[in-house]
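Notes follow the structure.
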Amino acid sequence: MLHFKILTIFPKYFASPFMDGLLKQAIENGVLRIDVQDIREFTRDKHRTVDDTPYGGGAGMVMKPEPIVFAIKQAVADAKASTVIVFSPKGKKFDQAAARRLSRHKQFVLVCGRYEGIDERVPAFYADEELSIGDYVLSGGEAAALVFIESVARLVPGFVGNDESLVRESYENGLLEYPQYTKPRTFEGHEVPPVLLSGNHRAIEQWRSEQSLKLTAERRPDLLGAAKK
Ligand code: SAM
């Protein structure tokens with residue numbers, strides 16, 4: 001079973017994302033388990049303080065190390081072995097290759113920051129990886145945790161009904177996926193490309209490969225150098 005424990009100061013954020021689709025199905029089938037832990041429960045002062053002003057001055061507040069580290073230690077102890085991920089725009093970029101590498105792990109503790117981020121000693125000494133989901137700044141790590149869970153979970157065998165559908169997905173061979181069409185054949189005058197109706201599997205494969213290359217060249221030329229043949 002794949003297990004994610006999410007550490008957050010906003011546990012209600014996760015009230016609905018796991019109640020639909022493949023994630024819900026995987027939880028019901030016992031393939032996936034998700035626990036949400038309120039970091040505030042690990043504070044030891046009466047105000048349940050999770051943040052404080054930055055040393056050296058500057059705007060905003062920084063998340064204190066103590067409650068987060070106590071929550072990480074408890075989660076790791078409960079799970080025996082766990083991979084601890086801290087989300088941060090300063091982290092290494094999380095991409096499909098990282099998702100595939102990490103999908104071999106079974107237990108994760110996902111740490112969501114807020115405010116100006118987390119005291120640097122947490123990622124430095126208590127995390128296995130510090131990851132960024134992209135070159136932009138979110139208000140919190142909760143959305144990043146969802147992105148992480150969705151992308152890692154779908155790589156676990158059996159999570160997606162038809163594992164074959166993963167093989168041709170965008171990024172899996174270093175290219176974007178070819179365009180997909182379904183019925184109706186004509187929609188408001190827009191036709192499905194005739195080759196897809198030809199029944200000629202070789203021609204369809206060739207068209208898909210060409211489209212995949214064309215789309216990648218147009219939209220993500222940076223991927224082309226690394227693409228596998
Ligand atoms: N002051 C920080 C900086 O400039 O690097 C930004 C902190 S951000 C407002 C608050 C939290 O959102 C972070 O601690 C992190 O958990 C999360 N976050 C924001 N952008 C992210 C990204 N691109 N990837 C992963 N987590 C992100």
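Note that the structure is a prediction, hence the values are computed from the model and not measured. Atoms within a ligand are numbered from 1 in the order they appear, just like the ligands themselves.
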(message) With heavy-atom distances below 4.5 Å as the criterion, would you say the side chains of Phe159 and Leu23 are in contact?
(response) yes
(message) Looking at Glu218 and Lys214, is any side-chain nitrogen of the basic one under 4.0 Å from a carboxylate oxygen of the acidic one?
(response) yes
(request) Can you measure from NZ (Lys106) to CG (Leu2) and round to the nearest 0.5 angstrom? (result) 6.0 Å
(message) I need the Gln96 CD to Leu223 CG distance, nearest 0.5 Å.
(response) 11.5 Å
(message) With respect to Gly113, determine whether any N or O atom, backbone or side chain, lies less than 3.5 Å from an N or O atom of ligand 1.
(response) yes
(message) Closer than 4.0 angstrom, basic N to acidic O: yes or no for Asp95 and Lys93?
(response) no
(request) Out of Glu142, Glu116, Met63, indicate the one that has the non-hydrogen atom closest to atom 2 (C) of ligand 1. (result) Glu116
(message) So if I count the atoms of ligand 1 from 1 in the order they appear, which ones are less than 4.0 Å from some heavy atom of Gly117?
(response) 7 (C), 14 (O)
(request) Considering only non-hydrogen protein atoms, determine which one is nearest to atom 20 (N) of ligand 1 and report residue, atom name and distance to 0.1 Å. (result) Leu138 N, 2.9 Å
(request) Determine whether any heavy atom of Asp135 lies closer than 4.0 Å to an atom of ligand 1. (result) no
(message) The test is side-chain contact (heavy atoms from CB on, under 4.5 Å); show your working for Glu169 and Arg154 and say whether it passes.
(response) CA-CA 11 Å; Glu169 269 186 335; Arg154 65 185 281 107; 2.4 Å; yes
(message) With nothing but distance in play, are any N or O atoms of Val111 less than 3.5 Å from an N or O of ligand 1?
(response) no
(request) For Val137, take its heavy atoms, then give the atoms of ligand 1 lying under 4.0 Å from any of them. (result) 6 (C), 8 (S), 9 (C), 20 (N)
(request) Would you mind reporting whether Thr43 and Thr49 have side-chain heavy atoms less than 4.5 Å apart? (result) no
(message) I want to confirm something. Looking only at heavy atoms, which of Gly134, Pro89, Cys112 is nearest to atom 6 (C) of ligand 1?
(response) Pro89
(message) When you compare the side chain of Gln180 with that of Arg208, does any pair of heavy atoms fall below 4.5 Å?
(response) yes
(message) Would you compute the distance between atom CZ of Arg114 and atom OG1 of Thr8 and round it to the nearest 0.5 angstrom?
(response) 7.0 Å
(request) Take the angle between the ring planes of Phe4 and Phe108 and call it parallel below 30°, perpendicular above 60°, tilted in between. (result) parallel
(message) Give the atom numbers and elements of ligand 1 that come within less than 4.0 Å of a heavy atom of Gly141.
(response) 12 (O), 16 (O), 17 (C)
(message) Which residue and atom name correspond to the protein heavy atom nearest atom 10 (C) of ligand 1, and how close is it?
(response) Tyr115 O, 3.3 Å
(request) Identify, for atom 24 (N) of ligand 1, the protein heavy atom at the shortest distance, and state residue, atom and that distance. (result) Ile133 N, 3.0 Å
(message) I'd like to check which ligand 1 atoms, numbered from 1 as shown, lie under 4.0 Å from a non-hydrogen atom of Leu131.
(response) 25 (C)
(request) Output the list of atoms in ligand 1 that are nearer than 4.0 Å to some heavy atom of Ala144, sorted by atom number. (result) 25 (C), 26 (N)
(message) Starting from atom 26 (N) of ligand 1, what is the nearest protein heavy atom, named by residue and atom, and what distance separates them?
(response) Ser88 N, 3.4 Å
(request) For atom 16 (O) of ligand 1, find the nearest protein heavy atom and state the residue, atom name and distance (0.1 Å precision). (result) Phe87 O, 2.7 Å
(message) Can you report which non-hydrogen protein atom sits closest to atom 23 (N) of ligand 1, along with the distance?
(response) Tyr136 O, 2.8 Å
